[in-house]
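Presented below is the structure to which this report refers.
Naming: A, B, ... by sequence-line order, numbering from 1 per chain.
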Number of protein chains: 2
Amino acid sequence: MDPATATRAAADTAPMARWVAVLEAFTDRDEWGVRDLATHLGLPRSAVHRILHEAVRQGLLAAAVTTGRFRVGPALARLAVVLADRLDVRSVARPVMERAAAELDETLVLALYSPGRRQFAAIDAVESSHPIRYIWGPLRQWSDLHTGSSGKGILAFLPDEEQDAIVAALPDPVPGPVPTPRARLRAELRDARARGHVVSHGERFPGAVGVSAPIRDATGRVIGDLVFGWPDNRNDPDKEARAGRIVMDAAARVSAALGYRP
Amino acid sequence: MDPATATRAAADTAPMARWVAVLEAFTDRDEWGVRDLATHLGLPRSAVHRILHEAVRQGLLAAAVTTGRFRVGPALARLAVVLADRLDVRSVARPVMERAAAELDETLVLALYSPGRRQFAAIDAVESSHPIRYIWGPLRQWSDLHTGSSGKGILAFLPDEEQDAIVAALPDPVPGPVPTPRARLRAELRDARARGHVVSHGERFPGAVGVSAPIRDATGRVIGDLVFGWPDNRNDPDKEARAGRIVMDAAARVSAALGYRP
DNA sequence: CAGTCTGTCCCGATTATCGGGACGCCTGTC
DNA sequence: GACAGGCGTCCCGATAATCGGGACAGACTG
């Protein structure tokens, strides 16, 4: 029994909160029985029984024919698949990006990770209003993860195994404007993960500063990142710190809107 | 305004039915206003207003900051993505396959389509109890769509554009045990689509009969099919007809469990 | 065949939903 | 600047739901 879930169900006495708790329970496990789910949620058996059966009547859940256990039904399956299909990172991120970009008044880029290619591509950008500003260039082009804060903002927050596999496949020292020993890259990634964001100077483009933070989807996977970029003649340590706070906050907001729970 | 949806919402007076109707409305459109949604569903404005705001309080929906419009919120996004992620065709199909295979007592195979490769692979099978029986062979191997009822059960039901692209890429005549003019293949596919299932004789394996019907996911896309196979010394027209009925019914059940609405 | 697990069901008290209508707000338009 | 028509919001008495403790029947097990 998960105390957090039980608390959440008990804290809000509104009838709907129970429905949400019951349906959300099926994100943890495929099948639930009445008593089982009732103790898991800390709710009376009769209440769970009623909700479960009403949900079956609505097609949200389905009762297994023999045992009295319940699974996800047609209506909920449809809702889940169609909504998940419509859920689009770009449109969810856009308003958050505009606010964040305006707050610092520097260019902010949205990049998405492709686990298959082990690369990323920028898919959207909000440019700063400065006459001299960071411009990503053509969107939807693939780039490697190991150079620049855009890539490292993803790489640093991938699961250890995945990150190791990518780093281990690189030559040692890692090529780039300034060749870096693999061990040094690993240390940088570790620090970035602890800090929650990445800062880089002139790795991808000379004279550019980059600050990035990861975006996660509802399953917790890192799916991309947000990246601030500006020319280093407008740079100072305080600005880097502010950019870090803003980009972490913005990335967290996008993750939350996508259903991620920290 | 969609009369079907409105009818569905009005038909069931249970409070939950309204909640389901409201949430399902977000599968049609990204944003809804109170009045807008109320007339769409044929419900009183006050009811929709209450449901919408309570849903926001639960995190299921989110209110756009400026306008009073509503979108999918964190909790619903999470529910959708995680459930869609957990939803597994194989485990959903298995019980249906076992019943259907037992009813005809012949081997029944589940095949999944890969739109990227434009091929399919068998991922599960329930074998018949006959000593001489159809056996698919190793699972998870890719095969082309244009030969045998397993592939045609998918190909025949793909959208016209997609089907045309695949057929047009084939040589004319189409190679196989019995070379077929492309026009003849197109006619076969058209007939199969009208009938709802595919019947083939010895196309993939000599001496084998195959009968298949398509499986669709919640978005209506054809994602694979179910295929009966048996040796032709156990065949007769009546059996083919029975197999057609059974496989169409089974495929429809799997599609429904995945959230497909005809 | 008792012990223990399961799901099911009943019923009075509680509490939410229900929905028609009034209200305030904003945005156009004449 | 008045007015119409769109919007979301809110109120409140009547209705109908949820609520939950507890009793019950069946299935399984040792």
Shorter than 3.5 Å, N or O on both sides, protein versus nucleotides 15-19 of chain D: list them out with atom names.
from, atom 1, to, atom 2, distance (Å)
dC19(D), OP1, Arg18(A), NH1, 3.4
dC19(D), OP2, Arg50(A), NH1, 3.1
dC19(D), O5', Arg18(A), NH1, 3.3

- prompt: Does OP1 or OP2 of dC7(D) have a side-chain N or O of Arg35(B) closer than 4.0 Å?
  reply: yes
- prompt: Is the gap between the ring centers of His53(B) and Phe70(B) under 6.0 Å?
  reply: yes
task: Assert yes or no for the condition that the ring centre distance of Trp230(B) to His130(B) is strictly below 6.0 Å.
output: no
- line: All heavy atoms of Glu162(B) vs all of Pro115(B), minimum pair found to be OE2-CB, 4.3 Å
message: Measure CZ/Arg45(A) against P/dA23(D) and give the value in whole Å, please.
response: 11 Å
Axis bend over the full length of the helix from dC1(C)-dG30(D) to dC30(C)-dG1(D), computed from five pairs that close each end, to 10 degrees: 40°
message: I need the minimum non-hydrogen distance between Ala14(B) and Glu54(A), along with the two atoms involved.
response: CB-OE2, 3.4 Å
field: Nearest-angstrom distance from the residue atom CG of Asp36(B) to C1' of dG6(D)
entry: 12 Å
message: For the CZ atom on Arg99(B), are there more than 12 heavy atoms of other groups (residues, nucleotides or ligands in this structure) within a distance under 6.0 Å?
response: no
- request: Check every nucleotide of DNA chain C for an atom under 4.0 Å from a heavy-atom of chain A, then give the first and the last such nucleotide from 5' to 3'.
  value: dT6(C) to dA16(C)
- prompt: Between Asp217(B) and Leu258(B), is there a donor-acceptor pair closer than 3.5 Å when you use the side chain of the first and the backbone of the second?
  reply: no
query: side-chain contact (heavy atoms from CB on, under 4.5 Å) between Arg140(B) and Ile123(B): does it pass, once the steps are laid out?
result: CA-CA 5 Å; Arg140(B) 305 191 178 280; Ile123(B) 63 155; 4.0 Å; yes
message: For the backbone of Arg216(B) and the side chain of Ser255(B), can you confirm whether one donor and one acceptor N or O come within less than 3.5 Å of each other?
response: yes
Side-chain donor or acceptor of Trp136(A) paired with backbone N/O of Ala125(A) under 3.5 Å: no
- prompt: OP1, OP2 of dG8(D) versus side-chain N and O of His49(B): anything below 4.0 Å?
  reply: no
message: Please report the interatomic distance CG(Leu43(B)) to CD1(Ile51(B)), rounded to the nearest 0.5 Å.
response: 6.5 Å
